[in-house]
> 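Before we start, here is the structure in question, set down as structure tokens.
Order of listing sets the numbers, starting from 1, for every ligand and every atom in it.
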Amino acid sequence: MSENRSLRRVHVLTSHILRSPPPPPNVSLTRDVCLQYSPPELNESYGFEVKEMRKLLDGHNLEDRDWLYGLMMQSNLFSRKERGGKIFVSPDYNQTMEQQREISMRRIYYLLEKGVFHGWLTESGPEAELKKFALYEVCAIYDHSINSKIGVHFLLWGNAIKLFGTKRHHEKWLKDTEEYLVKGCFAMTELGHGSNVRGIETVTTYDSSTEEFVINTPCESAQKYWIGEAALNATHAIVISQLNVNGTSQGIHVFIAQIRDQDGNICPNVRIADCGHKIGLNGVDNGRIWFDNLRIPRENLLNSVADVSSDGQYVSSIKDPDQRFGAFLAPLTSGRVTIASIAIYSAKVGLAIAIRYSLSRRAFTVAANGPEVLLLDYPSHQRRLLPLLAKTYAMSFAINDMKMKYVKRTPETTKAIHVVSSGFKAVLTWHNMRTLQECREAVGGQGVKTENVVGHLKGEFDTNVFSLRERDLLERFTSEVSQLQDRGESKELSFLLNHQLSEELSKAFTEKAIMQTFLDAEAKQPAGSIKDVLGLVRSMYALVSLEEDPSMLRYGYLSRENVGDVRREVSKLCGELRPHALALVTSFGIPDAFLGPIAFNWVEANAWSSV
Ligand SMILES: CCCCCCCCCCCCC/C=C/C(=O)SCCNC(=O)CCNC(=O)[C@H](O)C(C)(C)COP(=O)(O)OP(=O)(O)OC[C@H]1O[C@@H](n2cnc3c(N)ncnc32)[C@H](O)[C@@H]1OP(=O)(O)O
Ligand SMILES: Cc1cc2nc3c(=O)[nH]c(=O)nc-3n(C[C@H](O)[C@H](O)[C@H](O)COP(=O)(O)OP(=O)(O)OC[C@H]3O[C@@H](n4cnc5c(N)ncnc54)[C@H](O)[C@@H]3O)c2cc1C
């Protein structure tokens with residue numbers, strides 16, 4: 001780059017940064033005066049109505065959300081602490097595993113007593129399910145252990161009974177589950193098989209002489225493993241097992257087994273061990289379960305998909321074993337939609353903290369005796385956070401659209417919802433992990449401090465060109481697979497050998513779906529400041545998605561020249577989004593108490609007076 005050109009760039013950069021809002025009149029930043037905290041609200045203005053934008057982002061049940069935020073903020077059970085003149089609520093992760101497990105259960109009983117879970121299983125329909133999603137998302141903003149525990153109890157144990165059970169099961173189990181008179185767990189995974197559900201080894205055999213099912217763990221690899229709530233709390237388990245009737249295996253089926261009595265004693269013919277300390281989610285008591293020919297009544301087969309008559313005849317409404325297997329996996333879809341949604345709320349917490357902090361934290365001057373510069377006035381800092389903010393907006397619209405489709409699902413749409421929600425679960429959780437990592441680093445040392453939330457969240461969470469790209473990758477994938485099959489390879493091996501193309505195709509498909517929902521949400525907006533800002537955010541999402549995808553260059557969807565243009569355009573968009581950063585994160589609608597002290601007066605929060 002010629003010297004003139006580089007000088008010009010330095011000049012542009014400096015003049016841009018020098019536009020950084022000067023410190024408020026009462027604070028000088030020269031060497032001889034201590035730095036004072038200046039809230040971002042003093043220097044930043046809102047270019048749109050944040051309450052309206054929040055309605056767009058949350059999508060539904062705002063009042064229910066605020067009600068639950070309030071319940072948590074008012075109780076000492078949620079580790080309330082005063083820092084820098086504000087109240088914050090966040091779990092104390094310094095507690096032992098045993099303490100975290102105990103306080104998590106007490107928090108759940110508090111929410112139960114306040115009526116938070118009312119209707120979660122005994123009410124049906126889109127409104128009831130959307131309210132459940134909203135309250136679930138608020139729980140996840142506070143702590144993933146709570147949301148895992150209630151997820152397992154309601155979305156897995158409870159949903160399995162709702163989906164696979166029939167009237168007798170609904171009447172016997174749903175209300176007791178909703179009131180925690182029964183504590184459920186979901187025993188699908190085994191030591192030897194997790195992703196591959198078809199391969200699980202627990203076998204349940206029908207004994208027509210006693211009209212009972214006998215559940216057995218034939219070998220060590222068949223022990224149920226990672227089962228949330230099993231180590232200490234669960235009284236009953238959904239057991240996913242191979243079914244054997246008259247010597248014929250009928251594949252995966254779903255049973256109810258009691259594993260503890262009401263006094264918490266483990267039932268005969270059941271063995272339970274603890275999975276032990278984890279890198280996160282230590283409020284969840286994950287356990288391991290062995291069944292030693294445990295006998296359960298015939299009625300404990302959840303028989304909406306298939307049944308066994310008293311004399312041992314197997315009957316099923318779904319003839320195709322593959323489709324029957326797919327039907328048994330349905331509860332996982334609600335989990336995938338939930339996990340994808342809570343990933344985006346987790347990213348929102350990280351970004352709200354990191355962007356607010358970077359609108360008050362200053363570092364280095366760029367002009368002699370000039371003021372230190374706000375972190376978010378550095379183009380490099382904008383580049384780190386604002387593309388992630390745009391992606392979080394895009395994915396908010398996408399997951400809200402998915403939730404609407406899920407609560408209005410029909411037999412005809414379940415397959416598509418399964419496929420898209422699987423893509424969303426992967427892409428949105430990867431986005432969250434990347435966002436939390438970037439946010440943790442963007443706040444410097446403060447990101448390592450547990451009370452500032454953003455660092456710890458990661459450990460807790462760990463578990464148009466768009467259309468062209470998708471269409472072309474699909475054509476490439478099918479052609480590569482066909483060529484291998486023409487050479488005599490099996491379909492399965494041909495797929496495996498093209499795993500990279502299939503991963504690129506899945507990502508392209510999911511990103512196109514996200515882009516489309518963003519465009520739909522934006523199109524519904526009347527002309528005005530919100531529509532204008534959404535246009536900027538959508539452009540940032542589109543361009544940064546293209547820029548980050550190597551297949552764009554690999555397959556020639558973008559030329560080298562285009563790639564340079566895209567990079568320059570993203571940088572330009574960072575500058576255009578910078579003035580809206582505070583309003584965009586305020587629109588998340590997350591109460592201050594659920595963020596971290598560094599999002600506010602981090603000087604006072606660390607003053608000697610607060611020690
Ligand atoms: C998703 C996580 C659940 C969490 C839930 C609760 C939310 C709370 C959040 C916090 C909870 C934390 C606690 C964690 C709990 C757990 O981890 S529970 C256990 C979770 N386990 C899994 O997710 C197992 C993942 N594996 C599978 O789902 C299946 O094995 C598979 C990979 C999808 C199946 O693979 P395969 O054997 O190759 O069969 P396929 O050919 O893919 O499928 C056969 C047909 O069935 C259709 N199908 C599959 N799944 C579904 C579904 N969910 N809904 C509808 N249809 C489905 C599939 O499309 C096939 O049909 P065709 O396409 O017509 O051939
Ligand atoms: C905190 C926690 C709570 C849990 N709660 C429950 C619960 O309540 N109930 C329950 O049943 N389970 C629960 N699980 C288990 C969870 O569902 C499994 O861990 C998950 O399904 C993955 O199975 P796995 O661990 O056996 O990994 P594996 O299936 O062995 O996979 C290991 C790795 O290989 C990859 N992989 C697998 N198959 C393929 C393939 N064909 N091609 C390419 N890559 C592949 C996977 O993506 C993964 O990265 C929990 C797990 C954790 C960590």
> Please list, in number order, the atoms of ligand 1 under 4.0 Å from a heavy atom of Leu332.
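Close to Leu332: 1 (C), 20 (C), 22 (C), 23 (O), 24 (C), 28 (O).
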> Determine, counting only non-hydrogen atoms of the protein, whether one lies under 4.0 angstrom from atom 14 (C) of ligand 1.
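Looking at atom 14 (C) of ligand 1, one finds that no protein heavy atom lies closer than 4.0 Å.
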> Please list, in number order, the atoms of ligand 2 under 4.0 Å from a heavy atom of Leu281.
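Taking each heavy atom of Leu281 in turn, ligand 2 has 1 (C) under 4.0 Å.
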> When you compare ligand 2 with Met188, is there at least one nitrogen or oxygen pair between them that comes in under 3.5 angstrom?
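N/O-N/O distance below 3.5 Å exists for this pair.
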> Please determine whether any non-hydrogen atom of Gln323 lies less than 4.0 Å from an atom of ligand 1.
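Per 4.0 Å heavy-atom rule, Gln323 contacts ligand 1.
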> Less than 4.0 Å between a side-chain N and a carboxylate O, is that true for Asp274 and Arg101?
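Result for this pair is yes, salt bridge flagged.
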> Distance under 4.0 Å to a non-hydrogen atom of Phe325: what atoms of ligand 1 satisfy this?
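Result: 34 (C), 37 (O), 39 (O), 44 (C).
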> Which of the numbered atoms in ligand 2 are under 4.0 angstrom from any heavy atom belonging to Val152?
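So the answer, numbered in order with elements, is 8 (O).
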> Do Lys408 and Glu129 sit within salt-bridge range, that is, some charged N less than 4.0 Å from a carboxylate O?
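Salt bridge: no.
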> Contact between ligand 1 and Tyr136 is defined here as a heavy atom of the residue under 4.0 Å from a ligand atom; is it met?
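Distance cut 4.0 Å: Tyr136 passes for ligand 1.
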> Taking only heavy atoms of Arg198 into account, list the atoms of ligand 1 that are under 4.0 Å away from them.
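Listed by number with element, the hits are 36 (P), 37 (O), 39 (O), 40 (P), 41 (O), 44 (C).
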> Using distance alone, determine whether Thr414 and ligand 1 share an N or O pair under 3.5 Å.
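Between Thr414 and ligand 1, no N or O pair is found under 3.5 Å apart.
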> Using the six-membered ring wherever Trp is involved, compare the ring planes of Phe255 and His253 and label them parallel, tilted or perpendicular (cut-offs 30° and 60°).
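If you compare the ring of Phe255 with that of His253, the planes turn out tilted.
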> Any side-chain heavy atom of Asp292 within less than 4.5 Å of one from Val270?
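No, too far: nothing below the 4.5 Å cut-off.
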> Checking salt bridge (charged side-chain N to carboxylate O under 4.0 Å, His left out) for the pair Glu229/Arg260: CA distance, chi angles, key distance, verdict?
CA-CA 12 Å; Glu229 299 307 277; Arg260 283 188 178 84; over 6 Å; no
> Is there a polar contact, in the sense of an N or O pair closer than 3.5 Å, between Thr338 and ligand 1?
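Among all N and O atoms of Thr338, none is under 3.5 Å from an N or O of ligand 1.
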> Quick one: are Thr392 and Leu351 in side-chain contact, heavy atoms under 4.5 Å?
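Answer yes - side chains close enough.
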> At less than 4.0 angstrom from any non-hydrogen atom of Met188, what atoms of ligand 1 do you find?
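Numbered from 1, ligand 1 contributes 19 (C), 21 (N).
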> Does any N/O atom on His193 come nearer than 3.5 Å to any N/O atom on ligand 2?
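So ligand 2 has no N or O lying under 3.5 Å from an N or O of His193.
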> Please check if a non-hydrogen protein atom sits closer than 4.0 Å to atom 38 (O) of ligand 1.
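Not a single protein heavy atom is under 4.0 Å away.
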> Aromatic rings Phe588 and Tyr393: how do their planes relate, parallel, tilted or perpendicular, breaks at 30° and 60°?
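The arrangement is tilted - the two ring planes meet at 30° to 60°.
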> Do Ile289 and Arg271 come close enough that some side-chain heavy atom pair is under 4.5 Å?
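Of all side-chain heavy-atom pairs linking Arg271 with Ile289, none is under 4.5 Å.
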> Lys278 to ligand 2: N or O pair under 3.5 Å?
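No, Lys278 has no N/O under 3.5 Å of an N/O on ligand 2.
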> Are any of the N/O atoms in Thr189 less than 3.5 Å from those in ligand 1?
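No, Thr189 has no N/O under 3.5 Å of an N/O on ligand 1.
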> Test Cys139 against Leu111 for side-chain contact (heavy atoms from CB on, under 4.5 Å), laying out the working first.
CA-CA 10 Å; Cys139 289; Leu111 298 177; 4.2 Å; yes
> Tell me, do Asn282 and His277 make a side-chain contact under 4.5 Å, heavy atoms counted?
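Contact flag for Asn282/His277 side chains = yes.
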> What I want to know is whether Leu329 and ligand 1 share at least one N or O pair that is separated by under 3.5 angstrom.
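Between Leu329 and ligand 1 (N or O atoms, distance only) the closest approach is under 3.5 Å.
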> Measure from atom 7 (C) of ligand 1 to every heavy atom in Ala330, Gly335, Ala140, Ser334 and give the option owning the shortest one.
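Going through Ala330, Gly335, Ala140, Ser334 one by one, Gly335 has the nearest heavy atom to atom 7 (C) of ligand 1.
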> List ligand 1 atoms under 4.0 Å from Gly194, heavy atoms only on the residue side.
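Selected atoms, number and element: 24 (C).
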> Does the protein put any heavy atom within less than 4.0 Å of atom 26 (N) of ligand 1?
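Yes, there is a protein heavy atom closer to it than 4.0 Å.
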> Pull out every atom of ligand 1 sitting under 4.0 Å from any heavy atom of Gly151, numbered as shown with elements.
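This gives 8 (C) as the contact atoms.
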> Using a strict 4.0 Å cut-off to heavy atoms of Thr333, name the atoms of ligand 1 that fall inside it.
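Once the distances to Thr333 are compared, the set is 52 (C), 53 (N), 54 (N).
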> Record the part of Leu155 in heavy-atom contact with ligand 1 below 4.0 Å; permitted values are side chain, backbone, both and neither.
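For Leu155, only side-chain atoms sit under 4.0 Å from ligand 1.
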> Nearest non-hydrogen atom to atom 33 (C) of ligand 1 belongs to which of Lys425, His418, Lys149?
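Residue with the shortest heavy-atom distance to the ligand atom: His418.
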> Considering only the protein, which heavy-atom contact is closest to atom 28 (O) of ligand 1, and what is its distance?
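Here the closest protein heavy atom is Arg336 NH2, 3.0 Å.
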> Charged N to carboxylate O under 4.0 angstrom, Lys391 versus Glu548?
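The answer is yes: the pair qualifies as a salt bridge.
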> Would you call Asp322 and Arg198 a salt bridge, taking side-chain N to carboxylate O under 4.0 Å as the test?
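Salt bridge flag = yes for Arg198 with Asp322.
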> Under 3.5 Å, N or O to N or O, is Trp226 touching ligand 2 that way?
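Min N/O separation from ligand 2 is below 3.5 Å for Trp226.
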> Measure up the Trp120 and Tyr136 rings against each other and bin them: parallel (under 30°), tilted (30 to 60°), perpendicular (over 60°).
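Because their plane-to-plane angle lies in the 30° to 60° range, the rings of Trp120 and Tyr136 count as tilted.
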> Using the ring of each side chain (for Trp, its six-membered ring), is Tyr406 parallel, tilted or perpendicular to Phe133, with breaks at 30° and 60°?
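The rings of Tyr406 and Phe133 stand perpendicular, inter-plane angle above 60°.
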> Pairs of nitrogen or oxygen atoms closer than 3.5 Å, one from Phe186 and one from ligand 2: do any exist?
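Looking only at distances, the answer is yes, because the N/O contact criterion of under 3.5 Å is met.
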> Val116 and side-chain contact (heavy atoms from CB on, under 4.5 Å): which single residue from Asp64, Leu68, Ile108 fits?
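Going through the options one by one, the only one that passes is Leu68.
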> Heavy atoms only: which of Val337, Asn147, Leu156 is nearest to atom 16 (C) of ligand 1?
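Result: the heavy atom closest to atom 16 (C) of ligand 1 is in Leu156.
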> For atom 12 (C) of ligand 1, what's the nearest protein heavy atom and its distance?
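Closest protein heavy atom to atom 12 (C) of ligand 1: Ser148 OG, 3.9 Å.
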> Residue-level breakdown please: for Ile339 versus ligand 1, do any non-hydrogen atoms fall below 4.0 Å on the side chain, on the backbone, on both, or on neither?
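For Ile339, only side-chain atoms sit under 4.0 Å from ligand 1.
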> Could you tell me whether atom 42 (O) of ligand 1 has a protein heavy atom closer than 4.0 Å?
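So far as the 4.0 Å threshold goes, atom 42 (O) of ligand 1 is out of reach of every protein heavy atom.
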> What I want to check is whether the side chains of Ser482 and Gln485 have a donor and an acceptor closer together than 3.5 Å.
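Checked: Ser482/Gln485 side chains show no N/O donor-acceptor pair below 3.5 Å.
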> Strictly inside 4.0 angstrom of atom 23 (O) of ligand 1, do you find any protein heavy atom?
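Yes, at least one protein heavy atom sits under 4.0 Å from atom 23 (O) of ligand 1.
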> Check for me whether Gly228 has a heavy atom closer than 4.0 Å to any atom of ligand 1.
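Gly228: no contact with ligand 1 (<4.0 Å).
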> Classify the ring geometry of His153 against Tyr180: parallel below 30°, tilted from 30° to 60°, perpendicular beyond 60°.
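If you compare the ring of His153 with that of Tyr180, the planes turn out parallel.
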> Please test Asp549 against Arg554 for salt bridge (charged side-chain N to carboxylate O under 4.0 Å, His left out), starting from the C-alpha separation and ending with a verdict.
CA-CA 9 Å; Asp549 184 350; Arg554 182 182 303 133; 5.8 Å; no
> Closest non-hydrogen protein atom to atom 46 (O) of ligand 1, residue and atom name please, with distance?
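Among all protein heavy atoms, the one nearest atom 46 (O) of ligand 1 is Gly326 CA, 3.0 Å.
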> Test side-chain contact (heavy atoms from CB on, under 4.5 Å) on Arg434 and Leu388 and set out the steps.
CA-CA 9 Å; Arg434 181 175 160 223; Leu388 295 172; 3.8 Å; yes
> Backbone, side chain, both or neither: what part of Leu496 comes under 4.0 angstrom of ligand 2, heavy atoms only?
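No part of Leu496 is near ligand 2 at this cut-off.
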> So does Arg476 pair up with Asp472, basic N to acidic O under 4.0 Å?
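Salt bridge flag = yes for Asp472 with Arg476.
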> Does the N or O separation between Gly228 and ligand 2 drop below 3.5 Å for any pair?
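The answer is yes, given that Gly228 and ligand 2 share an N or O pair closer than 3.5 Å.
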> Find all atoms of ligand 1 within a distance of less than 4.0 Å from any non-hydrogen atom belonging to Ser195, and give their numbers and elements.
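The list of qualifying atoms is 25 (C), 26 (N), 27 (C), 29 (C), 30 (O), 32 (C).
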> In terms of side-chain geometry, is the basic nitrogen of Glu123 or Lys131 positioned less than 4.0 Å from the acidic oxygen of its partner?
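Judged by the 4.0 Å cut-off on N to carboxylate O distance, Glu123 and Lys131 do not form a salt bridge.
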